[in-house]
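Before any comments, here is the structure.
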Amino acid sequence: MTDPIAARQQLVDHAHYKYRGCAPDEDTPSMSAADPDVSLDAWGPYTGDGAEPQKERFDREKAAKQICGRCPVLALCRTYASTTVVDADGVEHLVEPEGVMGGELALARHRALIARRHATTVGTAPAEQAPAVPVVRDLAEGRTKQKRAVLDALARETDPERVAYRAGMDVRTANWHRSALVTMLGLDKERATRDQLLAAAVDQSLLPRSTRIRPDGRWAYAAAPTTDGARQRRIAPGRPVQLILPGLEDLPRTRRASVRPGRPPKGRGPAPSPRRRTRLRRLAAVRTALQPRIPLVPTPVLEPAA
């Protein structure tokens, strides 16, 4: 185990330590010397009131890691941040349990520490462990009628609303089935793309190999999108986001019953539920508000010529 005091001393004694990216700027000490637009708080834990917004946290950590990537003491900083100390109960703890150091998040350092503890418990060095492989769970649930409908629709469509429409369910339910499929196939919900989900479904015989899959195109689509689109924006930041009217994301995208020529239309069927009537009234109000309003100009009265 590396001595944390020695690792810290080796870091600060390095000839290029004063050129580190997280050093304070001479003119503005609260900002980074590597980028005057990045605050030194980007490397530390969030200390504001309440919870930090997710987008702000991602942007802050991304900026800090980008500067760390070109830091001359990156390796020494990472080594020091990964060192541990032992408390009175004999439990190892990280010297730097929070913040970005050595281009790594605190979460990555904690995961590495847990992996070392597990390797020590089973008596196997981390380098000798087999590489992680996706854990595929029982796929019996993946062959239900609803999930097969979602997979068939996902192979033919890319937009979440069109996938839900073709599967005969609302967007929220379709996204839930997609998230469940991602978990069953051992994929990462935060990073998995639509192509990866469909490829895994074909490999596990949830879809026939003869299925024609529509490609994503220029931007990748999230395999398990969220209603607010946050996961899709992280996977493809440059892709235009299709807006969904607020409060209407769970309206069913089902097809209308077609009427064959020469046959009278069928009955109206059961009356819609109160909740659906409320949704339809809101949708009609939004459509009316979005219609262009043309001012009425009074028609001039023409006087007869003298």
Side-chain angles (χ1 to χ4, degrees), residues 53-55 58-59 62 133-258 276 279-280 282-283 286-287 290:
Q54 188 181 59
K55 184 178 185 306
F58 283 148
D59 293 343
K62 180 180 179 181
V133 295
V135 179
V136 180
R137 302 185 179 181
D138 184 15
L139 298 179
E141 183 67 20
R143 294 182 172 87
T144 60
K145 180 179 178 181
Q146 294 83 0
K147 288 183 174 55
R148 289 296 301 271
V150 169
L151 285 174
D152 291 340
L154 192 62
R156 303 173 64 180
E157 303 288 351
T158 56
D159 182 77
E161 283 204 5
R162 295 184 64 87
V163 171
Y165 169 81
R166 192 174 288 276
M169 58 187 68
D170 57 79
V171 178
R172 191 186 300 274
T173 304
N175 289 348
W176 182 87
H177 283 293
R178 292 170 66 170
S179 179
L181 285 167
V182 169
T183 303
M184 289 179 193
L185 295 172
L187 302 176
D188 185 359
K189 290 184 181 180
E190 300 298 329
R191 297 185 177 89
T193 63
R194 169 181 167 272
D195 283 345
Q196 292 173 345
L197 172 58
L198 292 173
V202 172
D203 291 340
Q204 298 298 326
S205 301
L206 295 181
L207 278 176
R209 294 192 176 273
S210 59
T211 303
R212 298 183 60 182
I213 297 177
R214 181 178 180 179
D216 281 352
R218 181 178 179 183
W219 292 286
Y221 284 79
T226 54
T227 306
D228 59 0
R231 191 172 292 163
Q232 177 62 54
R233 289 192 293 272
R234 289 198 297 270
I235 291 179
R239 178 183 174 273
V241 178
Q242 178 176 347
L243 298 179
I244 300 178
L245 297 178
L248 302 174
E249 62 274 0
D250 55 349
L251 267 181
R253 268 64 176 177
T254 54
R255 301 184 182 90
R256 295 183 178 180
S258 59
R276 178 169 173 78
R279 299 291 190 187
L280 293 175
R282 292 175 61 184
L283 180 59
V286 172
R287 286 176 175 172
L290 295 178

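Residue numbers start at 1 and run along the sequence shown.
Shown here for Gln54 and Arg234, the closest heavy-atom pair between the two residues is OE1-NH1, 3.4 Å. Across all their heavy atoms, Thr158 and Pro215 have their closest contact at CG2-O, 3.9 Å.
Here the side chain of Arg178 pairs no donor or acceptor atom with the backbone of Arg194 at under 3.5 angstrom. When atom types are taken as modelled, the side chain of Arg231 and the backbone of Ala223 share no donor-acceptor pair closer than 3.5 angstrom.
Scanning for side-chain contact (heavy atoms from CB on, under 4.5 Å) contacts around Arg209 gives Val202, Asp203, with sequence neighbours left out.
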- Task: Before giving the answer on salt bridge (Lys or Arg N to Asp or Glu O under 4.0 Å), spell out for Asp188 and Arg191 the whole-Å C-alpha distance, their side-chain angles and the decisive distance to 0.1 Å.
- Result: CA-CA 6 Å; Asp188 185 359; Arg191 297 185 177 89; 2.9 Å; yes

Assess whether side-chain contact (heavy atoms from CB on, under 4.5 Å) is satisfied between Thr226 and Lys189, documenting all intermediate values. CA-CA 10 Å; Thr226 54; Lys189 290 184 181 180; over 6 Å; no

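Note that the CZ atom of Arg214 and the OH atom of Tyr221 stand 7.5 Å from one another [nearest 0.5 Å].
Each of Leu207, Thr193, Thr211, Leu181 was scored for a side-chain contact (heavy atoms from CB on, under 4.5 Å) with Leu198, with one residue passing: Leu207.
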Side-chain polar contacts of residues 144-155 - donor-acceptor pairs under 3.5 angstrom, sequence neighbours left out - could you list them?
residue : atom : partner : partner atom : Å
Thr144  : OG1  : Glu141  : O            : 3.2
Lys147  : NZ   : His177  : ND1          : 3.2
Arg148  : NE   : Leu206  : O            : 3.3

